[in-house]
Each structure stands twice: as C-alpha cells, then as structure tokens.
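The chains referred to below are lettered A, B, ... by the order of the sequence lines, with proteins before strands, and numbering in each begins at 1. Just so we're clear, the structure is a prediction, and the values are computed from it rather than from any experiment.
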Amino acid sequence: MTLYLTLAWRYLSGRKMRTILTTLAIAIGVMILSGLSSLLPTMMQAFRQNMLSAAGEVDITIGHVSGSPFSPSVLEVVRSTEGVARAGGLLRQAVLLPTTETAGLRVNSVTVVGLELEPAHQTRSYPLAEGRWLEPGDADVVVIPASLAEQLGLKVGDAFILPAAEGQIRLRIVGTVHTVALPGAEEVYMPLETAQRELNLKGYINGIEVLVEAGQDREAVKKRLLERLGAGYSTVLPEFGQEFMTSMEIGEKFFQVIGILALIMGGFIIFNTFRTVVAERRYDIGLLRAIGATRRSVLRLILTESLVQGVLGTAAGLAAGYLLAVATLALLRPVARDFLRMELGEPIFSLTNLLTAICMGIGVTIIGGLWPALSAARVTPLDALRPMLIRPEKRVARARTIIGAGLLAVAVVGLVSRNLALSALGLIAFLAGMVLVTPALVNPFAMFLSTALAFLLQREGQLARSNLARQPGRAAITASTVMISIAIVVATASLTTSVYLGLDQYIRASLGSDFLVMPSAMVLSAGNLGAAPELAQSIKETPGVAEVSTLRLGKTVVDGAVLQLVAVDPQTYPKLSGLIFSAGDPATAFEALGRGRAIIVNGVYALQAGVKVGQTLTLQTPEGPQDYQVVGIGVDFLNAKLATGYISHQNLERDFHITSDVLIMVNAQPGADRAAVREALKQRLEDFPNFALFDSEDYRANMMQASQSSFAMLFIIALALVAPSLLGMMNTLAINIIERTREIGLLRAIGSPRRQIRRIIRSESLLLSALGTAFGLIAGVWLGYVLNDALNAGGFPMPFSFPLAGILLAIAAGILLGVAAASLPARQAARMDIVSALRYE
Amino acid sequence: MKIVQTENLTRIYGSGETAVIALDHVNLSVNEGEFLAVMGPSGCGKSTLLHLIGGLDRPTEGRVLLAGQDLTQLDDDTLTLLRRRKIGFVFQFFNLIPVLTALENVALPLLLDGVPAKEARQRAVEWLERMGLGERLHHRPDQLSAGQQQRVAIARAMVTEPALILADEPTGNLDTRAGDDIANLLRQTVNQWGRTVLMVTHDPRIAAYADRIVFLKDGRIVDETLLTGNGDQQEAQALHERMETLR
C-alpha cells in the first residue's frame with residue numbers, strides 16, 4: 001500500500017494546479033452537504049433547550065398529544081396512580097410581548113405559567129430573590145424572574161402588564177425568583193385562575209407536573225400513568241415553531257440536492273482528469289506492466305490516486321463546511337432570537353450527516369476514477385515502447401450515441417405524457433442521453449457556432465473548433481458539467497417566477513379582505529396569544545365594517561402525526577377569504593364544515609398521509625378520539641407548508657376548548673371611508689397591543705417583497721453551482737494545453753504571437769461553454785417544468801412560468817464562464833518557453 | 001542449458017492484404033550465461049523477437065520456452081509474474097518512473113513482488129552501488145544524465161536476480177562513451193554476475209561486446225557469428241560490413 005500511496009502522492013504533487021482544481025471540485029459539494037446540514041440539528045438543539053428549561057427539576061410532565069388544553073379532572077387519575085408523590089396542574093403558554101420599537105418586527109416574549117396554589121400540589125421549589133411566593137387566595141398577582149425584573153426596570157409592588165385574550169391584564173409583582181432560563185423563555189408565575197382568564201381558557205389546564213415518590217422507578221411510574229390516561233396523553237411537550245422548523249427542513253433538503261449535484265459535477269471533473277492522466281502516463285503504466293505489475297496493481301494505483309484526491313477534497317470540504325455553518329448561523333442568530341425566542345449555539349454536526357458527506361465525497365471521486373482506472377489496467381507493456389501520439393478520437397463510439405439518442409426519445413415521451421413521475425424520469429433520461437450524445441454533437445455544433453462567431457474569432461475560431469473536435473469525449477464531459485449548472489440556474493429562475501406568481505394568487509385568495517388584524521410576529525403559530533371572541537364582535541360593531549371573519553388555531557394528532565388545525569367560520573370565511581381547492585367543491589365543502597365533524601385538509605397533508613375526499617380521519621382531542629370526514633383538499637397562503645386541517649369554530653371549541661382568535665379579517669362596507677374605518681379599528685385595538693392592523697394591500701406588498709429576498713438567496717445558491725463547472729472548464733483547458741505543448745511551441749516558433757495563442761484558448765473555452773449552455777437551457781426549461789408539476793402534485797397549484805429572464809441570465813453566465821475559465825490557462829499557454837515546448841515529450 | 005528456445009516463432013500484424021509478417025518461423029536458442037546480440041536493418045523484426053521472448057507480446061504461431069516454460073500457454077497474470085521474477089528489461093527510452101527516485105525505481109520490482117520495504121531498499125542500494133551510483137540514490141530521473149538513467153535501469157533489471165536480461169537498443173539514446181559504459185556493464189552482468197543477456201542493437205560497436213551475433217532480415221535469421229565478446233574494434237568493423245550487405 002505504501003508503494004501506491006507514494007506513487008499517488010508524487011503524481012498528484014507533480015501537477016499542483018490540476019490537483020488543486022480537481023480537489024476544489026469535490027470540496028464544494030462536500031462543503032454544501034456537510035455545512036448546511038448542520039443547521040437543522042442546531043435548531044433542534046435550541047428548541048430542546050427551550051423545552052428543558054421549561055421542564056426544570058420535575059420528574060414527569062404530562063400533556064395532551066395535541067397540545068390542547070384539557071379538563072383538570074385528569075389530575076385525579078394522575079394523583080391516584082401508584083408511585084406519584086405529588087401532581088400539580090398548570091397552564092403554560094408563550095406570550096409574545098409587543099414592542100415599542102417602530103421597526104415593528106422585534107418582539108420579546110415570556111412564558112406564562114399558571115399554577116395551582118395548594119401547597120400539597122406544589123411540585124417545584126422556586127428560590128426567592130425578593131418579596132414572597134404565590135399564596136392560596138391570590139388573584140391578579142405575579143412572580144417574575146429577577147433577571148426579567150432587572151431587564152424591564154421593575155420591582156416588587158410594581159405593575160406587570162401582559163397581553164390577554166381580553167386585551168391586557170394588569171398584575172401586581174409580589175416577588176422575584178432566581179431561575180435559569182433562556183432569554184425570551186423566562187417564566188412568569190401566576191395563580192392558575194389568573195392564567196386561565198388571561199389565556200381565555202377558563203377551567204382548563206394544559207400540563208401536569210409530577211413528582212415521583214422516593215424509591216420509585218421513574219420510567220415505571222411514567223408507563224403506569226400513560227396506560228391509565230390513554231393514547232391521548234404523552235410525556236413529551238409538543239414543540240412550537242413548527243412552521244419555521246418545516247421551512248428549515250425544506251431548506252435542508254434543497255441544500256442537500258444542491259450539494260449532491262455539485263458532487264456529481266465534481267465526479268465528472270474527476271473522470272475527465274483521470275482519463276487524461278491515464279493517457280499522459282501511458283509510458284509509465286506500460287513500463288510498470290513490463291517490469292511485472294499486474295493489471296490489478298495498475299488498477300489499484302489509479303484508484304489510490306483517486307482515493308487520495310477524494311480524501312483531500314473531502315477534508316477541505318469538511319473544513320469549509322464548518323466555516324460555512326458558522327457564518328450561516330451567525331446570520332441566522334438574530335432572526336432566531338427575535339422571532340422564535342431561540343438562542344442558536346455552535347453548529348452541530350451529527351455523525352450521520354458527517355459520514356454521509358464523507359462517503360459521498362470519497363465515493364464520487366472513486367466512482368469518477370473507476371472507468372479510467374479500468375482503462376489503465378488494459379494498457380499493455382508494449383505501450384511503453386511505442387512512440388506516443390495523442391491520437392484524435394476519430395470515431396465517436398457509435399453504440400453510445402445510439403443509446404443516448406434512445407434515452408432522448410424516452411425523455412420526450414415522458415415529457416408529453418404529462419405524468420409527474422414519467423416527466424421526472426424523462427428528465428433523468430434527458431440528462432443521461434445528452435451526456436452520451438454530446439460527443440457526437442461537438443463537431444457539428446462547434447462548426448455552427450464558430451461560423452456564427454467567425455467575425456469575432458476569425459482564424460482562432462477555426463483552430464479552436466478543430467482542437468475540440470479532436471477530443472470530443474473530453475469536450476462532451478466538460479460541456480456536461482456546464483449543462484448541469486446552467487440547467488439549475490434556468491430551472492431556479494422558472495421555479496422562483498412560478499412560485500412568485502403563485503404566491504400572489506394565494507395571498508389574494510387567502511387574505512382577500514380589506515383589513516387584517518393579526519399578531520405582529522411573522523410566524524402565526526409561534527406562541528401568539530389569541531384574542532377572546534369579544535374583540536371580533538366589537539370590530540363587527542365598528543361603524544363602516546360590513547363583515548368580519550376570524551381564524552383560530554389548534555393542534556391534533558392523527559395516526560401518530562401532528563396536524564395543525566385552523567378553525568374558520570364556514571359562513572363568513574368564504575366571503576372574506578378562501579382556500580385554493582385541488583379536490584372537492586368549495587361551496588359544498590364549506591357547507592359541510594358547518595354541519596357535524598368535517599375537515600378540509602391541505603395539499604401537504606393530503607400527500608403525506610395519502611388522504612382523499614370522503615375519507616374519515618380520527619383526531620386525538622381532549623374529549624377523546626373523534627372522527628372527522630374529509631370534505632375537500634385546499635390550501636391557504638399562511639399554512640401552505642405545514643400539514644393543516646380546516647375545521648369549524650364550533651368543532652374547535654367543542655373538541656379542543658379553544659375559542660381565541662389569532663387572525664381577524666375585516667371588510668369595509670362598500671362606499672365607506674376607508675381611512676375612517678381604519679382609525680376606528682385602531683381605537684378598538686388600543687387595549688390589544690399584541691395585535692396590529694394591516695391594510696391587506698400593504699400586507700400583500702410586504703409579503704411579496706420578503707419572498708423576493710428569499711428567491712434572490714435561492715438564485716445566488718444556484719449560481720454558486722456554476723463554480724464547479726468553472727473548475728471543470730479550467731481543468732479541461734489546462735489538460736488540452738499540456739497535450740498540445742509541442743504544437744503551441746511550434747505555433748510560437750513559426751510566428752504566432754502570444755496574443756493569438758491566448759485568443760485560441762479563449763475561443764476554445766467560449767465554444768465549450770456555448771455547447772454546455774445551449775444544452776443547459778433546454779434541460780433547465782424542462783427541469784423547471786417538472787418542478788412546477790411536482791409543486792402542483794404536492795398540493796401547491798402554481799402556474800408554469802417560462803423563464804425568459806433566467807435564460808438571458810444563463811446565457812450571460814455561460815459567456816462569463818467561457819471568458820473566466822480561459823484567463824489563467826490562456827496566460828500560461830502564451831508564456832510557454834518555445835524551446836522547452838518543442839522538446840516536450 | 002538453454003535458457004531461451006523459440007520454435008517456429010511467427011508474428012503477423014494486421015490481416016489480409018495489409019498483413020505484415022514481422023517474424024517468420026524463427027528458431028533460436030540462447031544458452032545460460034551467454035551474451036547474445038540480435039542485429040538487422042530497420043523493420044527486420046529484432047524488437048518483435050525481443051518482445052515475444054520477454055512475454056510482452058503473443059506470437060501468431062510457434063512458441064517460446066523460457067527456462068523450459070512455454071510462455072504461450074500462460075495467462076496474463078502468470079506471464080506478468082514471470083516477467084517480474086525471471087526477466088529484467090532495459091529499454092532505449094523511458095526506462096524509469098519519473099516521479100520516483102533512483103533508489104525507489106530499482107526497488108520497484110521487489111515491492112511489486114511483496115518483498116518487505118526494508119529488504120527491498122537494501123538490495124536496491126547494493127545494486128546501485130555496484131553501478132557506481134551510490135551518491136545518486138535519492139535523485140530523480142530528471143536529475144540524472146542519460147547514461148546514469150540507463151545504469152539505474154540495469155540495476156533495476158538485476159535486482160530481482162533474473163535468469164535473463166533483455167535489452168532493447170540500450171545505448172540508442174546515449175553518446176559513444178556512455179554507450180561503451182553500458183555495454184561494458186552488460187558484459188559484466190554475464191561475466192561477474194552470471195546472467196544471460198539478449199540484446200537488440202543496430203550498433204556494431206556495441207554488438208561487439210556479445211559472445212554471439214544473430215542477423216535478422218525480413219523476419220528471418222539469415223546469419224550467425226561467434227565473437228570474442230570484448231568489444232574488439234575489428235570485430236565491430238566486420239559486423240558493420242555484414243550489416244551493409246544485409247540492407
């Protein structure tokens with residue numbers, strides 16, 4: 001093994017530039033895969049820390065699987081369970097505090113904890129800092145953390161004002177405690193009845209904290225409790241911020257795809273490089289065979305070199321991935337702190353993700369080097385003795401071309417079938433077919449293009465074209481990497497435009513009322529305190545208001561999976577808003593919602609759970625499992641990404657005990673003075689500082705602008721994929737120059753100036769990138785179409801948008817690529833010493 | 001004892017009208033401890049003969065016996081092992097792996113054979129010192145003169161203690177003095193270290209170091225002569241005149 005490693009290392013370090021370029025190609029893919037895959041675990045860790053800080057020193061915490069409030073009668077079951085020393089019911093909810101800053105989006109929050117005050121039901125001790133703890137008989141008082149008091153400039157005896165379902169609640173601080181909590185997750189303690197009033201959950205609790213008797217096995221007690229309570233209860237507190245987590249998961253998958261694509265392109269580059277390496281080292285390989293190296297030894301030698309390259313690239317990629325993760329988290333930290341009350345720590349690299357990145361980085365390199373290694377093993381000893389000529393590939397392998405053409409035909413069939421699965425397969429067939437067919441197209445395409453560019457390139461274009469035509473296989477591989485990156489740019493343009501137009505449609509349909517009253521925070525379900533129904537009623541009574549409809553939020557579990565619930569008034573909701581339906585009739589569906597237990601599910605959930613209209617779902621509720629019939633599949637803007645079901649207000653109240661409104665939609669009367677209506681609504685909201693009033697048009701405009709920033713980010717990432725193809729082109733050009741060293745020396749000797757040599761290389765580069773760009777444009781439009789189809793199938797109906805801007809951008813990227821890739825190789829070629837070049841073997 | 005024996009050895013390239021008979025039913029034997037030179041005009045088949053005897057190529061007809069073993073019956077791996085252990089090669093060009101030092105190049109066949117690295121290096125050092133290259137162990141080929149590179153190649157050929165050394169125009173790329181040095185070294189491998197050498201050359205001056213000369217023309221043996229083997233200039237002149245008659 002030492003022999004092979006020695007040879008591999010010496011060969012790699014003998015051609016430093018080529019080794020660096022090839023290594024970078026692998027490093028980019030590994031960097032994306034490993035770096036960005038650390039983001040989700042880091043987020044999860046921060047979530048869990050929030051949960052743990054809430055749980056404190058309690059042995060067991062019990063809640064309903066849906067996260068919904070439930071009757072305190074459950075406490076009796078818990079207290080009577082063997083092994084339970086004490087059990088206390090509580091009501092806990094995060095409440096976002098309004099901010100006075102005019103920027104409008106910075107919020108802070110606390111966690112309201114309502115506790116039973118009977119000493120026998122106390123399950124935790126709270127080290128007092130000042131004042132006293134809560135006592136039986138207390139009402140409208142609060143104990144807050146000393147750190148929070150200091151932050152807000154409050155002391156014992158001061159008033160602590162919190163948003164409430166009825167507007168605001170004013171509590172007197174009776175004490176402060178030393179607690180350890182994450183900033184933004186500090187708990188404020190009040191009597192249970194006070195919390196129930198504040199949160200509009202009179203008579204309910206949503207958690208039970210349990211202390212286990214000394215000497216009892218905690219796990220056994222937990223098991224006993226769950227058996228007695230039934231499937232509706234669990235010992236894990238449901239997580240909040242699910243919307244954001246879902247976005248992160250989608251983002252992670254997207255980055256994984258980009259990372260894998262970058263690695264595939266790296267594999268192409270490795271293949272190209274090693275093919276040339278084998279051709280250059282024909283003598284050495286033949287000599288090794290002559291003096292007694294078996295075919296297997298030669299195979300091992302090339303694969304060892306490939307492995308070393310893979311290890312170097314992967315190591316570099318992991319290091320770069322760490323830096324990328326650190327940089328990305330630094331950007332995300334303020335967003336997470338402000339909107340989600342999460343403190344993001346250092347990046348967490350799970351073993352699985354690391355191993356995946358390592359295996360892919362090294363695996364792709366070895367696969368890329370395998371074919372050239374097998375070809376090297378076929379070199380005979382006599383090859384060491386014959387004079388070497390880089391023979392032009394006179395005939396492109398006919399079989400490969402025929403297979404490639406066949407795959408292209410299959411691809412077209414897939415596309416016209418209008419079936420998503422066949423279209424996607426067709427796309428893969430198209431890409432594979434193009435890679436196989438491209439060698440045969442190099443010469444005719446280059447002829448066409450060099451004729452077209454003759455006025456720019458003149459004599460050099462002719463030489464460049466013939467240089468490419470001499471090695472069509474290598475040109476094709478290089479063009480293929482360009483094709484993939486250009487295809488991604490075009491597809492991203494198509495997708496982002498489609499989604500942008502689709503979003504506009506969604507927002508207009510979902511938020512079609514004149515005004516919106518909603519919490520200031522970006523994420524609807526992340527701990528927002530709703531308003532009691534009286535607010536919506538008072539808004540309805542406001543002069544100039546024609547119609548009001550509200551949304552309420554809940555959560556349930558169906559077949560073990562969490563389902564967000566959005567409750568609507570089936571009478572008023574369709575008038576002010578609506579869902580975009582992909583199955584079922586809207587009128588019938590909303591009417592059914594108003595009668596009995598009916599549910600409309602969104603596309604995401606329908607796809608995940610394989611649900612169809614007419615099916616029955618069993619929802620876990622605090623009132624026990626309840627059957628709901630699916631009456632439609634539709635989606636609204638605010639809940640598109642999360643598995644969501646829409647039910648009536650009545651059912652949410654009956655089965656989940658929730659009556660608070662989190663979004664109020666308002667239509668003004670026709671002809672009413674909008675400004676006056678707005679002023680009147682603002683006055684109604686004075687006592688509800690956690691709610692803000694929006695003109696729907698302004699809100700739509702803000703959302704579209706925010707989405708534009710996201711799309712711009714996506715675009716930048718797609719453009720980053722152009723980097724590996726840049727490396728591939730530089731690699732190929734560098735190899736071409738090495739092979740033609742004597743020829744370049746001869747051109748210089750017979751009078752070709754350096755400038756002309758540079759132009760030849762540049763022309764070659766432009767022809768290569770033009771070839772790749774042309775095929776990439778076709779593949780990109782196709783890919784965009786398939787992705788759009790996938791969105792439609794996934795329950796997000798979107799119009800397909802032909803990416804004209806994306807195509808123009810891709811063409812510009814292709815030209816830039818051609819020029820950039822040639823700059824260094826052209827300079828090197830022009831600077832060659834003539835005599836050394838002529839002597840080169 | 002005959003180290004090498006060929007029986008009706010024939011090699012034809014191509015087929016039909018474009019077929020070229022490089023070797024035409026050649027019967028040749030080389031005795032153990034002999035220094036045999038093969039001469040002839042360009043395209044006479046001398047290199048082809050050497051390739052077939054060395055197992056680098058396969059005959060169209062006939063067979064090659066090396067130390068009694070029929071090479072034409074062996075598969076590629078066995079042939080490769082045989083080349084590694086029983087034959088040492090010295091070529092005109094590109095004898096050495098450019099990224100390895102002189103020491104590493106000489107040790108290469110031993111390492112391929114699984115000899116422990118320490119022992120392989122030890123033996124390589126010994127042979128390089130015998131070749132007078134004790135000061136150049138860690139030099140790469142591009143740091144050595146052409147003559148020094150050929151010495152390294154001879155050391156590599158000798159390090160496995162092979163039965164046969166095959167040299168294909170070993171002095172073709174060298175000046176007169178360096179060429180004489182190499183020829184003397186090959187002579188030494190026979191006289192001092194008991195090897196058998198088969199050398200292909202077009203240079204009568206170098207051929208004069210051999211014990212016997214075989215002349216080839218158009219793929220056939222046309223003449224054979226015994227020599228004193230000490231590089232005698234008169235013998236070299238006679239060989240030159242004989243070559244002229246063959247052209």
Please check this pair: side chain of R85(B) against backbone of G292(A), looking for a donor-acceptor N/O pair closer than 3.5 Å.
no

Checking I291(A) against chain B: side chain, backbone, both or neither under 4.5 Å from a heavy atom?
both

With a 4.5 Å limit on heavy-atom distance, are the side chains of L111(B) and T2(A) in contact?
no

I want to check something: taking the side chain as every heavy atom from C-beta on, are D77(B) and R296(A) in contact at a cut-off of under 4.5 Å?
yes

Could you give the distance from OG1 (T6(A)) to CG (L108(B)), rounded to the nearest 0.5 Å?
10.5 Å

Does atom CZ of R121(B) have more than 12 heavy-atom neighbours, drawn from other residues, nucleotides or ligands, at distances under 6.0 Å?
no

CD of E104(B) to CG of L7(A), rounded to nearest 0.5 Å, is 8.0 Å

When the 4.5 angstrom heavy-atom criterion is applied to I97(B) and chain A, the contacting part is both

Can you name the residues that form a side-chain contact (heavy atoms from CB on, under 4.5 Å) with E129(B), not counting sequence neighbours?
V125(B)

Pick whichever of L81(B), V99(B), T160(B), D113(B) has the most heavy-atom pairs under 4.5 Å with chain A.
V99(B)

Quick one: which of I87(B), L79(B), D76(B) has the most heavy-atom pairs under 4.5 Å with chain A, could you say?
D76(B)

Which value, rounded to the nearest 0.5 Å, describes the distance between Y283(A) atom OH and N95(B) atom CG?
12.5 Å

Which atoms of R156(B) are under 4.5 Å from chain A, going by heavy atoms: the side chain, the backbone, both sets, or neither?
side chain

R295(A) side chain reached by T80(B) side chain, heavy atoms, under 4.5 Å:
no

For W371(A), look at atom CH2 and say whether over 12 heavy atoms of other residues, nucleotides or ligands are found less than 6.0 Å away.
no

Closest approach of A290(A) and F91(B), non-hydrogen atoms and distance?
CB-CZ, 4.0 Å

